[in-house]
Asks: 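I am attaching a structure below and will ask some questions about it afterwards.
Numbering of residues begins at 1 and proceeds along the displayed sequence. These values consider heavy atoms only, across backbone and side chains, with no hydrogens, waters or symmetry-generated copies.
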Amino acid sequence: FLSSTMKTAVFLSLVASAAAFAPAAKQASQTALQADLSGEIGAQAPLGFFDPLGICADGNKENFDRLRYVELKHGRVAMLAVLVTL
């Protein structure tokens, strides 16, 4: 009897801990505006706004600005790392 109760308790605790890591339901966010990114710095005449991976395909201006900021930050860190190694 004690062995069966212990196995049940261990099983229930494993199920409860696994439920803590289950993905939560996420609603898709939609933007009201489709930002025109063709006028941004770096968009050139033959290609316009070049996004081959479709990272900014949704036209979310806030996401685009955040990605640009992160790219600049990583570039600066990489330049500093090169200077340190020289």
Side-chain angles (χ1 to χ4, degrees):
F1 175 74
L2 186 59
S3 175
S4 173
T5 306
M6 185 65 148
K7 288 179 183 178
T8 304
V10 169
F11 175 73
L12 290 176
S13 66
L14 288 174
V15 169
S17 64
F21 296 103
K26 189 169 79 170
Q27 291 180 329
S29 63
Q30 295 179 349
T31 58
L33 300 175
Q34 289 290 332
D36 182 24
L37 301 175
S38 63
E40 291 293 327
I41 296 173
Q44 297 180 357
L47 298 175
F49 177 68
F50 184 65
D51 186 18
L53 298 178
I55 295 173
C56 295
D58 60 351
N60 188 347
K61 180 73 170 146
E62 292 176 7
N63 185 36
F64 176 78
D65 290 339
R66 188 190 71 77
L67 289 172
R68 179 164 278 184
Y69 169 75
V70 169
E71 181 181 7
L72 286 172
K73 182 176 77 169
H74 289 156
R76 290 174 181 156
V77 169
M79 287 186 277
L80 182 62
V82 168
L83 283 175
V84 169
T85 59
L86 296 178

Asks: With ILVMFWY side chains joined below 4.5 Å, transitively, what does Met79's cluster contain besides itself?
Replies: none

Asks: Taking the hydrophobic residues Ile, Leu, Val, Met, Phe, Trp and Tyr, and joining any pair whose side-chain heavy atoms are under 4.5 Å apart, which ones share a cluster with Val77?
Replies: none

Asks: With ILVMFWY side chains joined below 4.5 Å, transitively, what does Leu72's cluster contain besides itself?
Replies: none

Asks: List for me each residue that meets side-chain contact (heavy atoms from CB on, under 4.5 Å) alongside Asn63, sequence neighbours excluded, and say none if there are none.
Replies: Asn60, Arg66, Leu67

Asks: In the hydrophobic cluster built from side-chain contacts under 4.5 Å, what are the other members alongside Leu83?
Replies: none

Asks: Which pairs pass side-chain hydrogen bond (donor to acceptor under 3.5 Å, both in side chains) with one or both residues in residues 67-86, sequence neighbours excluded?
Replies: none

